[in-house]
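All remarks here apply to the structure that follows.
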Amino acid sequence: MFYAIVDCDNCYVSCERVFHPELKNKPVVVLSNNDGCVVARSKEAKQLGVKAGTPFFQLERLFPKQEIAVFSSNYELYGDMTARVMSIIRRHTDYFFRYSIDEAFCHLNEMRFSELKAWGERLHKEVERGTGIPVSIGIARTKTLAKAATWFAKHYAGYRHCCVIDTEEKREKALRVLPIDEVWGIGRRYAKKLQAMNLKTAADLTSYSEGWVQSMFNINMQRTWNELRGIDSVPDEKMTAKKSICVSRSLAEMTNDLNALRPHIANYAARCAEKLRRQQTAASVVSVFLYTNPFREDLQQTFDTREITLLTPTSDTARIVSAAKECLRKAFKHGYYYKKVGVVVTGIVAQNSLQTNFVDYDAAHFSKIKRLNQVVDKMNKLYGRETVTLAAQQYPKKQSFADAIRHEYRSKNPTTRWSDIIILK
DNA sequence: TCTGGGGTCCTAGGACCC
DNA sequence: TCTGGGGTCCTAGGACCC
């Protein structure tokens with residue numbers, strides 16, 4: 001069996017470019033929420049030396065002479081575009097699962113090199129034709145090697161967007177070229193540690209014994225070591241079922257006002273409930289956290305969190321919002337300026353296997369609430385996200401959830417918003 | 001002035017129990 | 001005077017991913 005990983009190139013930038021073809025071959029970046037820092041860069045922006053995570057306010061100072069196109073992040077657009085990419089991938093394989101917003105792993109049966117290569121090149125073409133988004137494809141016997149293959153597909157045009165590692169010779173050659181810090185599973189910290197020991201490529205790592213790797217690092221590095229040697233060690237299940245759901249934001253402005261935090265927390269809690277329902281699960285623990293701004297060294301710092309365990313797991317918006325509001329009230333401390341706040345739900349179970357607590361359980365009420373939430377989800381899907389909300393989710397001054405954070409350079413939503421689509425007569 | 005968001009896993013150490 | 005030992009559970013912190 002082979003794994004293929006299909007990865008959208010510079011995903012957010014590619015999504016924006018579909019509707020701005022004039023930006024092809026130009027430096028483009030996409031910013032995080034609040035227009036905080038750079039989260040996606042086009043190839044040209046990378047070549048200019050724009051680093052991931054650069055704060056936006058530094059960009060102009062660092063690149064005064066360059067014309068760089070800048071977009072605020074527009075997750076509605078990226079979600080819709082990548083869903084289209086995924087549906088095309090689905091048609092090309094018997095089994096696949098989404099790994100992140102812009103990546104999917106596929107299982108491929110035993111095929112010869114020429115067939116694997118042709119499969120990848122065909123998929124690339126169809127995704128590009130169907131969505132306008134370029135993808136890179138890596139194929140190998142383990143997920144880590146497939147990831148390595150996509151690195152080659154992206155870095156060498158000769159692979160025509162698809163690199164296959166199907167023999168021992170190719171595996172060994174690839175490892176000798178792949179820099180240690182490009183290995184999937186080795187981040188900045190470990191890369192530094194390995195480089196300090198004079199290990200520079202993936203092959204340098206695999207030349208050491210498993211015992212050495214285990215004693216110097218941990219079980220994760222041992223898995224990576226095995227995967228690089230061609231032994232499948234990262235099971236699919238490890239990467240699918242979600243154990244927690246979190247919705248959080250940095251606020252546009254710090255606040256020490258409990259009332260100002262309430263609508264934020266209510267909205268994040270409501271979004272958690274929606275996510276639970278979408279994946280047909282329920283949660284039994286609701287928690288809220290409040291951070292001050294770590295960059296403001298002149299101010300007192302605090303990290304406050306509270307959680308509540310519900311008698312029965314639920315995905316009901318009203319229930320989760322009210323629990324979150326209670327957490328907020330208990331966690332909040334006067335005299336601190338909070339900057340980042342969020343809601344986390346854990347203790348997640350499948351909705352159809354709900355362990356109900358009989359003290360808390362009323363079948364008729366339960367099914368009413370379930371229907372209510374279904375109707376709300378449907379309306380919000382049809383007419384836009386905040387068509388129906390709880391009063392607690394309302395911001396003063398009729399702001400919407402999306403307006404409550406800064407998005408100065410946001411593109412329109414040509415694929416999902418009625419108002420932006422030309423109506424045919 | 002301005003510094004993202006959403007996840008997972010492992011490990012060490014403390015609390016607690018018998 | 002002398003200060004057990006093993007198991008489990010929880011939490012915080014640190015590492016990783018996109």
Side-chain angles (χ1 to χ4, degrees), chain A residues 5-12 29-41 51-62 70-75 78-79 82 98-105 136 143-144 147 150 181-194 214 216-224 227 233-254 264 268 271-272 275 279 285 287 289 291-299 303 305 307 309 337 339-348 405-409:
Chain A
I5 179 150
V6 186
D7 188 329
C8 302
D9 297 342
N10 317 321
C11 183
Y12 301 166
V29 300
V30 177
L31 305 176
S32 63
N33 271 323
N34 279 324
D35 297 338
C37 54
V38 172
V39 290
R41 303 159 292 157
K51 298 267 182 292
T54 305
F56 177 46
F57 71 90
Q58 291 177 2
L59 203 61
E60 223 178 358
R61 212 178 63 214
L62 291 170
V70 175
F71 289 91
S72 299
S73 47
N74 182 346
Y75 290 103
Y78 312 147
T82 54
R98 197 169 178 161
Y99 171 60
S100 71
I101 186 161
D102 68 333
E103 284 169 281
F105 279 103
S136 296
K143 297 189 177 78
T144 306
K147 274 281 195 183
T150 57
D181 58 343
E182 295 289 346
V183 175
W184 191 49
I186 296 178
R188 253 208 345 262
R189 285 313 242 289
Y190 286 158
K192 222 172 179 183
K193 182 171 169 182
L194 289 159
Q214 195 181 8
M216 296 300 288
F217 295 91
N218 57 18
I219 190 158
N220 288 327
M221 188 64 86
Q222 211 180 329
R223 277 197 195 112
T224 300
E227 288 251 318
S233 309
V234 179
D236 293 350
E237 310 83 74
K238 277 191 95 70
M239 310 199 292
T240 42
K242 277 199 183 152
K243 290 168 184 166
S244 71
I245 289 174
C246 169
V247 178
S248 73
R249 295 285 184 278
S250 289
L251 307 174
E253 278 164 26
M254 298 185 292
H264 288 290
Y268 306 162
R271 194 62 64 82
C272 284
K275 288 186 177 186
Q279 54 169 38
V285 179
S287 66
F289 64 82
Y291 289 116
T292 45
N293 183 350
F295 295 101
R296 287 295 299 269
E297 289 172 8
D298 54 321
L299 294 177
F303 167 59
T305 174
E307 66 174 46
T309 301
Y337 283 87
K339 173 66 176 169
K340 180 171 175 178
V341 302
V343 177
V344 186
V345 293
T346 50
I348 293 177
I405 42 181
R406 250 196 319 273
H407 279 124
E408 219 172 307
Y409 312 95

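Throughout, protein chains are lettered first and strands after them, A, B, ... in sequence-line order, and every chain is numbered starting at 1.
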Under 4.0 Å: is that the gap between some side-chain N or O of [X] and OP1 or OP2 of [N]?
X        : N     : answer
A:Arg296 : B:dT1 : no
A:Lys340 : B:dT3 : no
A:Ser250 : B:dG5 : yes

Choosing from [options], which nucleotide comes nearest the side chain of [X]?
X        : options                : value
A:Cys246 : B:dG6, B:dG4, B:dC2    : B:dG6
A:Lys243 : C:dA15, B:dG5, B:dT8   : B:dT8
A:Asn293 : B:dT11, B:dT3, C:dC17  : B:dT3
A:Lys147 : C:dC16, C:dC18, B:dT11 : C:dC18
A:Lys275 : B:dT3, B:dG7, B:dC10   : B:dG7
A:Asn220 : B:dT3, B:dC10, B:dG5   : B:dC10

Distance check needed: [N] [atom2] versus [X] [atom1], whole Å only.
X        : N      : atom1 : atom2 : result
A:Phe217 : C:dG14 : CZ    : P     : 18 Å
A:Asp102 : B:dG7  : CG    : P     : 16 Å
A:Met221 : C:dC16 : CE    : P     : 8 Å

Counting neighbours of [atom1] on [X] that are heavy atoms of other residues, nucleotides or ligands and sit closer than 6.0 Å, is the number greater than 12?
X        : atom1 : answer
A:Gln58  : CD    : yes
A:Lys193 : NZ    : yes
A:Phe217 : CZ    : yes

Kindly state whether the pair A:Phe295 / B:dT3 counts as stacked, where counting means centroids closer than 5.5 Å and planes tilted less than 30° apart.
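A:Phe295 vs B:dT3: stacking yes.
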Is a salt bridge present between A:Lys147 and A:Glu227, judged by a nitrogen-to-oxygen distance below 4.0 Å?
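The answer is no: the pair does not qualify as a salt bridge.
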Need the pair for B:dC18. Rule: Watson-Crick or G-U wobble, both distances under 3.5 Å, any strand; none if unpaired.
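The answer is C:dG5, by the H-bond criterion.
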What integer number of Å spans the C1' atoms of B:dG4 and C:dC17?
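B:dG4 and C:dC17 have their C1' atoms separated by 15 Å.
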